[in-house]
Protein chains: 2
Amino acid sequence: MLLSKSCVYGLRASIYLASKSDEEFNSIKEMSDKLEISFHFLTKILQQLTAESLMESYKGPKGGIRLTKKGREATLLDMVIAIDGPELFTQCALGLPGCGSATPCPLHESWIETRASIQGMLERTTLSELAREGKQNKFRLMADGSFNWD
Amino acid sequence: MLLSKSCVYGLRASIYLASKSDEEFNSIKEMSDKLEISFHFLTKILQQLTAESLMESYKGPKGGIRLTKKGREATLLDMVIAIDGPELFTQCALGLPGCGSATPCPLHESWIETRASIQGMLERTTLSELAREGKQNKFRLMADGSFNWD
DNA sequence: TCTATTTAAGAGTTTATTGTCTTAAATATA
DNA sequence: TATATTTAAGACAATAAACTCTTAAATAGA
Ligand code: FES
Ligand code: FES
C-alpha cells in the first residue's frame, strides 16, 4: 500500500477537521465515530500531528482537537510526511540504501520521475481545498457514503 | 513503502535472471548470495513466480531457476502484481472500499491519475530492457556497488 | 543403487504494524 | 471543591510481514 493505515486515518481526520470551523475544538470521540476509526488509535495518530504543530488539542469538557494555522495551510504531503516520514520520497524503489544518481539502480531514472509525480500530487493538494470540494460534491470520507459533511 | 520487501526481492531476482542466459538454470543459493537476500525467503518468493509461470525451476544438482518465455517478456508490472497483488492499482488512496467514480473520495481524481502514472512506469519497463541497461551501465542491484553483472 | 545437491513445502520465530485497554492529567461546570 | 468529560500516555494484545529452520522430493553423477 502506498500509505500506512495510520497515515490514511490521519488524512481522513485532517480533511474532516479542515471542513470544520477554524476556532472550535472537535471531539475526537465524535470524529472517530463519524469516520469509523478506532478512537484510541486515532488519538495516537492525532498526537503525532499535534507534536508537529499541525494540530492542537484541548483537554476537558468542551475539549477536542483542531487544525493550527500551519495545519490549515498544510498540503497532504506535509501530513503524510508527519505520519509516515519522508522515506517514500527519498528511498530507492528496489529498497537499496542511498538512492541517488551517483549510485543508481536499474529503476532509478524511472522511479525518481514517478516519485516526483506522487509527491507533486500530494503537494498540490491542500486540506482546505479538499474539504471544500468534498463538502461541495459530497465525496465520501468513509466506507459507505453515509458520511455527513453538515 | 510502495512495494513490499518480498516484491522488491522478487524484482531484483527477476532483473538478475533476465541478465542471464535464457536456457540455463541459475542456482538460487548463488543468486541469494550475490543479491544478499535470505536464501529461504527468496526461494518462497520465487515459488510464487513459478506458480504464475513467470519462472520455472529444476531440482537436483545442476538445478535452479530461470525465467520462462512469459517471464522474459514480462514487464515489472506483471512481476509486481504476481507478488503484491493488484491492490495498489485498484484501491482507494484513503483505503475506502470500492474505489471508483461512482463513489469517489476527495482524493479520487488526483489519485487515479497518479496511480496510472505508477502503473504506466512499471508497464513500460520490461525485464530484458532493464537487465540490458543495467549490464551496460553497471547499475547496482545490491547495497554496495559490488554486484557483478558478468 | 547410493550419495550429494538443489528446490518445495510447511512449521516456527521475530519484528513491525495495527488496535485495545487502563490510568493519569487537564478542565469545565455544578 | 467535587464530579464528569476529554485528551495524553503507556502498557498490552492481535495481526501481518519478514525471516529462519527442518524435512521432503527430485535428480545428477559416482
Ligand atoms: S537507486 Fe534505486 S531508485 Fe534510486
Ligand atoms: S475512491 Fe478514494 S481514490 Fe478512488
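Atom set for the values below is all heavy atoms of this structure, side chains included, hydrogens, waters and symmetry mates excluded. Letters A, B, ... mirror the listed sequences (proteins, then strands); counts begin at 1.
- Closest to the A:Ser27 side chain, of the nucleotides D:dA4, D:dT7, D:dG10, is D:dT7.
- Atom C1' of nucleotide C:dA4 and atom NZ of B:Lys29 are separated by 16 Å, given to the nearest angstrom.
- In this structure, of D:dC19, C:dG10, C:dT7, it is D:dC19 that holds the atom nearest to the side chain of B:Tyr9.
- Closest to the A:Lys62 side chain, of the nucleotides C:dT7, C:dA28, C:dT5, is C:dA28.
- For A:Lys44, taking side-chain heavy atoms from C-beta onward, the closest of the listed nucleotides C:dT20, D:dA8, D:dG29 is C:dT20.
- A:Lys5 places its NZ atom 18 Å from the P atom of D:dA14, with the value rounded to the nearest Å.
- Dashed line: the shortest gap from a side-chain N or O of B:Ser6 to OP1 or OP2 of D:dA18 is under 4.0 Å.
- By the neighbour-count criterion of 12 heavy atoms within 6.0 Å, atom NZ of A:Lys62 is sparsely surrounded, having that number or fewer from other residues, nucleotides or ligands.
- Using a 4.0 Å heavy-atom cutoff across all strands shown, A:Phe39 reaches at least one base atom of the nucleic acid.
- Electrostatic pairing of B:Asp22 and B:Arg66 does not count as a salt bridge here, judged by no charged N lying under 4.0 Å from a carboxylate O.
- Along DNA chain C, the nucleotide nearest B:Leu46 and the nucleotide nearest A:Leu3 are compared for position; the residue whose nucleotide lies closer to the 5' end is B:Leu46.
- Because its NZ or CZ atom is both nearer than 6.0 Å to the ring centre of A:Tyr16 and within 45° of the ring axis, A:Lys20 counts as a cation-pi partner of that residue.
- The neighbour count for A:Glu73 CD, taken as heavy atoms of other residues, nucleotides or ligands under 6.0 Å away, is above 12.
- Rounded to whole angstrom, the span from the CD1 atom of B:Ile28 across to the P atom of C:dA9 amounts to 11 Å.
- Whole-Å rounding puts the B:Phe41 CZ to D:dC21 C1' distance at 15 Å.
- The backbone N or O of A:Glu52 lies less than 3.5 Å from a partner atom in the side chain of A:Lys70, making a donor-acceptor pair.
- The distance between atom CZ of A:Phe25 and atom C1' of D:dT6, rounded to the nearest whole Å, is 12 Å.
- Looking at B:His40, its side chain comes within 3.5 Å of the base of D:dC21 through a donor and an acceptor atom.
- Remark: C1' of D:dA8 and CD of A:Glu56 are 16 Å apart, rounded to the nearest angstrom.
- Judged by closest nucleotide on DNA chain C, B:Ser57 is the one of B:Ser57 and A:Ser4 placed further toward the 5' end.
- The side chain of B:Tyr58 approaches D:dT27 more closely than any other nucleotide in the set C:dT27, D:dA9, D:dT27.
- Side-chain proximity of B:Ser38 to C:dA25, C:dT6, D:dT20: nearest is D:dT20.
- We find that CE of B:Met1 is positioned 13 Å from C1' of C:dT17, with the value rounded to whole Å.
- Rounded to an integer number of Å, the gap from B:Gln47 CD to D:dA24 P is 17 Å.
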